[in-house]
Amino acid sequence: MRFSKLFAPTTKEAPKDAVLPSHIYLVRGAFIAQIGSGIYNFLPLGNIVLQKIRAIVKEELDKAGCQEVLLGFVTPSELWRESGRYSKFGKELLRFRDRKENEFVLGPTHEEAMVDLVRNRVRSYKQLPLNLYQINTKFRDEARPRYGLLRGREFLMKDGYSFHESVEDMQREYALMEKTYSTILERLGLDFRVVEADSGAIGGSGSKEFMVLADNGEDDIVICKSCDYAANVEAAVAKDEFVPDDEVEMSSGDFHTPDVSSIEDLSNFFKIGKAYLVKAVAKKAIYEDREEIVIFFIRGDRELQETKAQNSVDALELEDIGDEELEKAGVPVGFIGPDIEGFKIVVDETLKDRDNLICGANRKDYHTIGYSFKDKAFDFADLSLVQAGDKCAKCGGELEIKKGIEVGHIFQLGTKYSEALNATFLDREGKAKPFVMGTYGIGVSRLVAVVIEQHHDEKGCIWSEATAPFKFDIIISNRKDSEQLAFATKLYEEMQEAGLSVILDDRDERFGYKMGDFELIGFSYAIIVGKSLKEGEVEIVKRAGLERERVPVNEVMQKIREL
Ligand code: ATP
Ligand code: MG
């Protein structure tokens, strides 16, 4: 490729809303251009990187025995009604009608469509297992599209679906996909962790996420310093080491506590540890057809984990509610206790069977002391947020929290969709059975940004070996110098002939400008053909670290081959 012919309008200006390096550099480096909220066009450089990542994903999946298909991006709503997700998926699902008033959705994920493809076509256990995938555009009407390619509305995803005769066979494939995804991310040069995850709206039993470690990640991941335990904070559990002190003995009854309502104030007022206090958190749970106030009770020394709380009441979403609205609904804000009536209640597991507790008395300015959960028939669930310094449930080691970006997610799906869509096969006994399924996703376009989020400096992108749009950038320092031009062109042709990934910066621009583009775009090496050519040397600059090295012209080709 000659740079003079390349459509790469790099710029000094970053988009106004861009805060993350990947967003800034991908736009400035002319990889992508925004066309609408959460919708991006890929320019030639961006497309080269995207296709490179796509090819690696495909190569590893094909090696693992998966088969590529391509489903319609537009899916008839009927299929989504059959699974029950049409109404459940919420506003991320874009619904529309055609001229004949038929209803459709823009596929945000393709469980329904893939089950439909297989049902009535795979009829016997003899045709199983089967793992089908596509690398296709997805649309999700995200509430807050942001961070460039990291959270778009339209994006490229690899989504795979496997079909099995038994849970054991699905789990074998699930393990194979974990290995395959790990190999893909290793090849891309990413530092990542595989973590236990919450299964969210897709449903099913076990699931794992692939998290690339990055300071700007949106996800908190809990990692054990001593063993291999790692989990998304939405699914993480810690060992609860708190043992109530036998000496603590409370009388029971209501106590006047004027203006004392925060956990901090209560702890000081009663001169007692926060673990003896019961904290109430009220939220609005949003369902398909209604909304409802739910009150969660957790130990005073813990925080509520929203996803766990949402799962415990099977809501589509949880929203915060203001004090005013709560009071209007009859909630004694600041003094809420578990015996409150008329609201749905969920209590954290760590409070089960505890007594000698202090909680709200459900009337203004009063708290109940000596409260007991013994023999109480509440709904108990794990609601606690795991925090840094907590102890690992597996080995007792210390847990730490790191930031991660989710790039992949694998699920043990089971029969949820095959049952809903009545997709069955004949088993070894000749009986009709629903397929046991697994589902596996990788964010292909998100990965373009993730590579840069993990590898950049203050000048621009630093692509990994496998993702660099071109590996070598031959920069002609002064195009008017015929000697430089001739040498660089000859080197370029020789490298092309040798099948090397090379671009020749033959533009009629200042040297500094070309160097700036090299640093911004992030080719792996620059070969500078400049003044030193007179002394029989060129300069090679490595993008990662920007180290420079002079190389005699007769050794250049060999040096390049070594790199
Ligand atoms: P997130 O929690 O980041 O919204 P998700 O749990 O909704 O992700 P999945 O439904 O598991 O994601 O989709 C599989 C993969 O698709 C994700 O691991 C991610 O890499 C990618 N992905 C999901 N949403 C987006 C998006 N809005 N923009 C770009 N990639 C996305
Ligand atoms: Mg999402």
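In each ligand, atom 1 is the first atom listed, and ligand 1 is the first ligand listed. The analysis underlying the following values was restricted to heavy atoms, covering all of them including side chains, and did not include hydrogens, waters or symmetry mates.
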When you compare the side chains of [X] and [Y], does any donor N or O come within less than 3.5 Å of an acceptor on the partner?
X: Tyr133; Y: Asp62; result: yes
X: Asp517; Y: Thr10; result: yes
X: Glu112; Y: Ser83; result: yes
X: Thr467; Y: Ser464; result: yes
X: Glu173; Y: His164; result: no

Less than 4.5 Å apart, any side-chain heavy atom of Phe3 and any of Ile521? yes
State, yes or no, whether a side-chain contact exists between Val49 and Trp463 at a heavy-atom distance under 4.5 Å. yes
For [X], take its heavy atoms, then give the atoms of ligand 1 lying under 4.0 Å from any of them.
X: Gly152; answer: 26 (C), 27 (N), 28 (N)
X: Met157; answer: 13 (O), 14 (C), 16 (O)
X: Val407; answer: 18 (O), 20 (O)
X: Gly408; answer: 18 (O)

Among [options], which residue places a heavy atom closest to [atom]?
atom: atom 11 (O) of ligand 1; options: Glu142, Arg153, Met211, His409; answer: His409
atom: atom 4 (O) of ligand 1; options: Arg151, Lys138, Glu406; answer: Arg151
atom: atom 9 (P) of ligand 1; options: Arg146, Glu218, Glu234, Arg140; answer: Arg140

Min N/O separation Phe411 to ligand 1 under 3.5 Å: no
Distance-only N or O hit between ligand 1 and Ile442, under 3.5 Å: no
Taking a cutoff of less than 4.0 Å between a non-hydrogen atom of the residue and any ligand atom, is Thr109 in contact with ligand 1? no
Is ligand 1 less than 4.0 angstrom away from at least one heavy atom of Ser445? no
Are Glu68 and Arg54 close enough, and set up right, to give a salt bridge (Lys or Arg N to Asp or Glu O under 4.0 Å), and what steps lead you there? CA-CA 12 Å; Glu68 189 176 359; Arg54 188 193 197 286; 3.2 Å; yes
Under a 4.0 Å heavy-atom limit, does Leu149 contact ligand 1 with its side chain, its backbone, both, or neither? backbone
Under 4.0 Å, heavy-atom basis, I'd like to know which part of Leu150 is in contact with ligand 1: side chain, backbone, both or neither. backbone
So among Tyr181, Tyr174, Phe411, Tyr440, which one has a side chain to side chain contact (heavy atoms under 4.5 Å, CB included) with Lys208? Tyr174
